[in-house]
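Report on the structure given below.
Order of appearance sets the numbers: ligands from 1, and atoms from 1 within every ligand. Bear in mind that the values here come from a model prediction, so they are computed numbers and not experimental data.
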Amino acid sequence: MSIIADDNDFKSISEKKKNSVVKAETIELDKNFENCIRPKSFDTYIGQSALKETLQISIEAAKKRKLPLDHLLFYGPPGLGKTTLAGVIAEQMGVEIKITSAPALERPRDIIGILMSLKGGEILFIDEIHRLNKVAEEILYPAMEDFFLDMTTGKSQTVKTLRVPLPKFTLIGATTKAGELSGPLRDRFGIIHRLEFYTENELAQVIKRTAGILNIEITEEGAHAIARRSRGTPRIANRLVKRVSDYALVKHDGKITEDVANKSLDILKIDEYGLDNTDRSLLKLIIEKYNGGPVGIETIAAAIGEDVRTIEDVCEPFLLQAGLLQRTPRGRKVSPAAYKHLKYKDLYYNEQQNLF
Ligand code: ADE
């Protein structure tokens, strides 16, 4: 997914996916919706409790010292609230936040422009920071470390380096792929945190909060029914609330009960694990055509008609976490749980000794 963003307006380009109902990618239509339900404070931000606690301490300490917060790196699967958390931090620090994404910082002047526009104490949020190019990274190093921009003027023999001071700022980087971040960039973050998948209870709370904001009537059981199929991801849970609410309004009296939620999610072909058609085709392909694996990611992508990045960033994190898929040096393998879930009873029972 590519996002171009200026100060506070996200616009998505290209690679908008067919299955956006349950995929955690950001698409333009959802931006307003996401912004309106985004929690603005730690009190209303549900989940990630250990992370919230350490962040609150870091914020208090920074405020006491009257210094900006250390640069922060958030990593973890998409849709778990990295941008939201950055917004909460800005609110708590009482500073402005400028939001952008690495693909929007293609030319040196993009990153220089945004750095020079920062005011003292402000937060710069860079999404997908693992996609930053080398030149942009080199510009960022002195900016993060010493709050300077190293500019060069002139050509070859007459080249001069100019150190332009910047106001002290906090960089918050977010990535779904911490492993792809270069060592020097990672080392410049003072605080590094991983965001975890949400529990069913946490998601049910997110769902009830969102339903409240959108004036949707929902029962406790209805919230849990949606939560169970939300792949541990608030962004997915919030999208499903809207889809289920449409169904409740058209087919029932508008109220989301457990039965209404289950029927609606069945129609959307989201199963009890929260898997959609793409996830199921991926697992089925490995089972039926590759005897359970291992098989390379490129082969899988070509066979199911998805791109490698979508599979790696969007499908796989949850399949791995749910124990349905395994990553091995020789490729992807499905686990016995996947055979069971997809009801390959005979294969599972007859061949498990050979397969696993
Ligand atoms: N909406 C999306 N993420 C949320 C969270 N962590 N808490 C509350 N509402 C949310």
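- Surrounding CZ of Arg109 are at most 12 heavy atoms belonging to other residues, nucleotides or ligands under 6.0 Å away.
- Summarising the geometry of Ile300 relative to Leu285, their closest heavy-atom pair is CA-CD2, 3.9 Å, with the distance given to 0.1 Å.
- Taking the centre of each ring, Tyr75 and His130 stay at or above the 6.0 Å mark.
- Residues Ile123 and Leu67 fall into different hydrophobic clusters, defined by Ile, Leu, Val, Met, Phe, Trp and Tyr side chains chained together at heavy-atom separations under 4.5 Å.
- Ligand 1 lies under 4.0 Å from heavy atoms of Pro39, Thr44, Tyr45, Ile46, Tyr198, Val206, Arg209, Pro234, Asn238.
- Checking Glu272, Glu258, Glu221 one by one against Arg228, the salt bridge (Lys or Arg N to Asp or Glu O under 4.0 Å) holds for a single residue, Glu258.
- Residues Asp313 and Lys177 are paired through a salt bridge, judged by an N-O separation under 4.0 Å between the basic side chain and the carboxylate.
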